[in-house]
Amino acid sequence: MNVDGVPHRTIWLAEDGWSVEIIDQTKLPHRFETLRLTSLDQAAEAIRSMQVRGAPLIGATAAYGIALAMAEDAGDAALKAAYDSLLATRPTAVNLRWALDDLYDLLQPLGANARAAAAYLRAAEICEEDVALCRAIGDRGLPLIEAIAARKGGAPVNVLTHCNAGWLATVDWGTATAPIYLAHDKGIAVKVWVDETRPRNQGASLTAWELTQHGVPHAIVADNVGGHLMQQGLVDLCIVGTDRTTRRGDVCNKIGTYLKALAARDNGVPFYVALPGPTVDWTLEDGRDVPIEERDAREVTHVTGRNEAGELATVEISNPGSPAANYAFDVTPARLVTGLITERGVCEASAEGLAGLYPERAGRAEGQGSLS
Ligand SMILES: CSC[C@H]1O[C@H](OP(=O)(O)O)[C@H](O)[C@@H]1O
């Protein structure tokens, strides 16, 4: 999407043809800085430190991480070590394992001298595929917003979203935001309630920044406000992203998503989840089996922002010495999900719904072991 009017993606091959550039999302919204990755370790650290984040973007970065590793050493041991190193960065987004398996299955049969070129080619393909998948999610989700707009006779469609499932979470377009961007570009009045999304504040710092860049009306709200907005009839639709959705439609997403789904159900607000095919984990049935990342407690006890002097600073916001728990994701059971917006269409959050859109994958899933 555009940054100050200039088209950008979140990750791209540098002009030297081998290093990889990313937007350093830990600096947003106060600094727009790009970072050049020149090694496997830098790619792994970019994922681990959330310089890049969001399931599809994590997958794309991992793919380029393998390519960077192959550029240095394309031997069997190096390939396996790169796979293991990147897999260990973050446990929840299934796109990470999906991309690593894709690259490994492609490269393992090749001779070492062919692996680097093949890896870079496939990483670029994964990025292009993600852009197309997310754009298609926009097309598939747009009618949901249009139908509400028609009912409201021109009054804004109020959409609540959680965390950042925007173009910063993908290579471009985003998942939850793709229908919003298309509706806005089509002249439909939308207003986005942006959950700040503690503790990393991806909503307040990333989604709000994206929407501002695109000119989409929005308001940041504290995470605990959403239920009140729904009770007051101020939310017409919830659209969130996901890091891993099981084959029966259980949705693992940023912590707090489950609570929003409960409030939506209690208030009759449609609750949709937007995802591309690679975010479905066909090997898992029950969402309670999805590995939930626990991150550093310091992300809860401290916050980074811009001080009065305009400098980025980190401050302690909690009682010094008090322990903190930092669960990064939760699972929304399929029964609370109105529908899944995928690049192939909108379906029920159920095994039948997903199998109907992805018959070739549902069939293969029988008997597969679970992905970690
Ligand atoms: C389109 S995937 C976006 C998904 O990823 C975010 O998690 P994180 O920022 O920790 O990578 C969040 O769960 C979003 O919904």
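Indexing begins at 1, ligand by ligand and atom by atom, following the structure's order.
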Worksheet item: At a non-hydrogen distance cut-off of under 4.0 Å, which region of Lys254 contacts ligand 1 (side chain, backbone, both, or neither)?
Response: both
Worksheet item: Got a salt bridge between Arg151 and Asp236, using NZ or NE/NH1/NH2 to carboxylate O under 4.0 Å?
Response: no
Discussion item. Would Asn95 count as a contact residue for ligand 1, given that I'm defining contact as a non-hydrogen atom of the residue lying under 4.0 Å from a ligand atom?
Written reply: no
Fill in: Shortest non-hydrogen contact from Leu100 toward Ala62
CD2-CB, 3.9 Å
Worksheet item: Tell me, which protein residue and heavy-atom name are nearest atom 12 (C) of ligand 1, and how many Å apart are they?
Response: Cys163 SG, 3.4 Å
Worksheet item: Heavy atom under 4.0 Å from ligand 1: found in Leu275's side chain, backbone, both, or neither?
Response: neither
Practice prompt. Kindly say whether Thr34 contributes a backbone atom to a donor-acceptor pair with the side chain of Glu21 at under 3.5 angstrom?
Written response: no
Discussion item. Using a 4.0 Å heavy-atom cut-off, which part of Arg200 comes near ligand 1: side chain, backbone, both, or neither?
Written reply: neither
Worksheet item: So with a 6.0 Å cut-off around CZ of Phe32, is the heavy-atom count from everything else above 12?
Response: yes
Worksheet entry | Flag if over 12 foreign heavy atoms under 6.0 Å of CD, Glu294 | yes
Item to complete: Run the contact test for Gly54 against ligand 1 with a 4.0 Å cut-off on heavy atoms, strictly below, and give the result.
Response: yes
Worksheet item: Applying a 4.0 Å heavy-atom criterion (strictly less than), which segment of Ala93 is in contact with ligand 1: side chain, backbone, both, or neither?
Response: neither
Worksheet entry | Identity of the nearest option to atom 5 (O) of ligand 1, non-hydrogen atoms only, from Asn253, Thr161, Asp243 | Asp243
Worksheet, complete the sentence: Looking only at protein heavy atoms, what sits closest to atom 3 (C) of ligand 1 is Asn164 O, 3.4 Å
Worksheet item: If you round to the nearest 0.5 Å, how far is SG of Cys127 from CG of Asp172?
Response: 10.5 Å
Fill in: Contact partition for Met50 relative to ligand 1, non-hydrogen atoms under 4.0 Å
side chain
